[in-house]
Amino acid sequence: YLLIFNFFLSFRWLVIAVGLVRAYLAKGSYHSLYYSIEKPLKFFQTGALLEVGVAAFPSIVPSSVVLTAFQVMSRVFLTWAVTHSVKEVQTEDSVLLFVVAWTVTEIIRYSFYTFSLLNHLPYLIKWARYTLFIVLYPMGVSGELLTIYAALPFVRQSGLYSISLPNKYNFSFDYYTFLILVMISYIPIFPQLYFHMLHQRRKVLSHTEEHKKSE
């Protein structure tokens, strides 16, 4: 059961990867590739909300509940509240930037879990899991921030999701300001996640190297 579950999580991102490659080969350009994977991205990323609950059971998916919740919620937010809601940003290259980063990261992550369950984890996958994030994390975050930034003028002009006073609830909400606060929140959160992974990398790969030397 655990093997099938983790394989499925890896397979769903393979579907998106294949969709991107096929669209690129057909168009001969990387611009506006978002439309080729829009539906599966929305479906799979929304379905990822289930992972937050599953993460509470380490034997199924050995991930931190807090980190998983932050990662999933931020991606769902980017998928629906920004990219879907502000259609003008869907042609931005920054969207492709975070989609590619998400896709490669998740294929590697769940391949790692799958092979670990089989007790036959290739060193290449372990190395990729704890090394490629050095590039993929900043790449994904850059794409997310650039996409939110590109959405700001359109949100401000349209008043998207904003609530003005007066109203019967005596409550106001400015989505434009909220998006700016979301961008600012990356400043304290991203370094924590990044340095956590760097610590894990040193811990896991150094242990592997020591184990090899002892053999």
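Bear in mind that the values here come from a model prediction, so they are computed numbers and not experimental data. Just the heavy atoms: all of them, side chains too, but no hydrogens, waters or symmetry mates, feed the values below. One-based numbering along the sequence shown.
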* Could you give me the CA-CA distance, side-chain angles and deciding distance for Asp93 and Leu97, then say whether side chain to side chain contact (heavy atoms under 4.5 Å, CB included) is met? => CA-CA 6 Å; Asp93 292 340; Leu97 199 62; over 6 Å; no
* Looking at side-chain heavy atoms only, is the closest gap between Glu144 and Met183 below 4.5 Å? -> no
* Grab the two heavy atoms, one from Lys87 and one from Tyr35, that are nearest each other, plus how far apart they are. => O-OH, 4.4 Å
* Heavy-atom pair with the smallest gap, counting every atom of Thr147 and Val95 -> OG1-N, 3.6 Å
* Asked: Is the Phe178-Phe173 ring centre distance short of 6.0 angstrom?
  -> yes
* Close side-chain approach of Trp80 to Ser85, heavy-atom, < 4.5 Å -> no
* Would you check if Leu9 and Glu106 make a side-chain contact, meaning some heavy-atom pair closer than 4.5 Å? => no
* Asked: Going from CG on Leu96 to OH on Tyr24, what distance comes out if it is rounded to the nearest 0.5 angstrom?
  -> 10.5 Å
* To do: Using the six-membered ring wherever Trp is involved, compare the ring planes of Phe190 and Tyr137 and label them parallel, tilted or perpendicular (cut-offs 30° and 60°).
  => tilted
* Greater than 12 external heavy atoms within 6.0 Å of Phe7's CZ -> no
* Does any non-hydrogen side-chain atom of Leu179 lie less than 4.5 Å from one of Val82? -> yes
* Do you know which two heavy atoms are closest between Arg12 and Gly47, and how far apart they sit? -> NH1-C, 4.4 Å
* Please determine if Arg129 forms a cation-pi arrangement with Phe112, meaning its NZ or CZ atom is less than 6.0 Å from the six-membered ring centre and no more than 45° off the ring axis. => yes
* Asked: Going through the distances and angles, do Val72 and Phe77 end up as a side chain to side chain contact (heavy atoms under 4.5 Å, CB included)?
  -> CA-CA 8 Å; Val72 170; Phe77 177 80; over 6 Å; no
* Shortest non-hydrogen contact between Ile184 and Pro188, atoms and distance -> O-CD, 3.4 Å
* Asked: Is Phe11 atom CZ crowded by more than 12 heavy atoms from other residues, nucleotides or ligands, each under 6.0 Å away?
  -> no
* Any link between Val21 and Val18 through a network of hydrophobic side chains (Ile, Leu, Val, Met, Phe, Trp, Tyr) touching at under 4.5 Å? -> no
* Ring centroid separation Tyr110 to Tyr113 under 6.0 Å -> yes
* Asked: So do Leu165 and Asn170 actually touch side chain to side chain, heavy atoms under 4.5 Å?
  -> yes
* Structure fact -> One should read off an interatomic distance between Leu146 CG and Glu92 CD, to the nearest 0.5 angstrom, of 8.5 Å
* Asked: How about Ser32 and Lys27: do any of their side-chain heavy atoms sit closer than 4.5 Å?
  -> yes
* **Evaluation steps, side chain to side chain contact (heavy atoms under 4.5 Å, CB included), between Ile163 and Tyr169** => CA-CA 10 Å; Ile163 302 173; Tyr169 300 107; over 6 Å; no
* Of the non-hydrogen atoms in Tyr176 and Ser162, which two are nearest, and what is the gap between them? -> N-OG, 4.4 Å
* Is there side-chain contact between Phe98 and Thr83, with heavy atoms separated by less than 4.5 Å? -> yes
* Asked: In Å and rounded to the nearest 0.5 Å, what is the CG to CZ distance from Leu193 to Phe133?
  -> 11.0 Å
* Find out if a path of hydrophobic residues (ILVMFWY) with successive side-chain heavy-atom gaps under 4.5 Å connects Tyr30 to Val135. => no
* Stepwise, does the side chain to side chain contact (heavy atoms under 4.5 Å, CB included) test hold for Ile134 with Tyr194? -> CA-CA 8 Å; Ile134 295 174; Tyr194 195 69; 3.3 Å; yes
* **Thr91 and Tyr34: side chain donor to acceptor below 3.5 Å** => no
* Asked: Can you tell me if Ser36 uses its side chain to pair, donor with acceptor, with the backbone of Leu20 under 3.5 Å?
  -> no
* To do: Identify whether Leu145 and Leu136 are in the same connected component of the hydrophobic contact network (ILVMFWY, side-chain heavy atoms under 4.5 Å).
  => yes
* Asked: Would Trp13 and Thr105 count as having a side-chain donor-acceptor pair, cut-off 3.5 Å?
  -> no
* Between atom OG of Ser10 and atom CD1 of Ile107, what is the distance when rounded to the nearest 0.5 Å? -> 6.0 Å
* Asked: Of all heavy-atom pairs between Val99 and Leu41, which one has the smallest distance, and what is that distance?
  -> CG2-CD2, 4.0 Å
* Heavy-atom donor-acceptor pair, Ser74 side chain to Gln71 backbone, under 3.5 Å -> yes
* Structure fact -> Value for OG1 (Thr46) from CZ (Arg75), rounded to nearest 0.5 Å, stands at 13.0 Å
* Structure fact -> Between the NZ atom in Lys203 and the CZ atom in Arg201, the distance rounded to the nearest 0.5 Å is 15.5 Å
* With the side chain counted from C-beta on, respond yes when Leu160 and Phe154 share a heavy-atom pair under 4.5 Å apart, and no when they do not. => no
* Asked: Counting heavy atoms not belonging to Tyr149, are there more than 12 under 6.0 Å from its OH?
  -> no
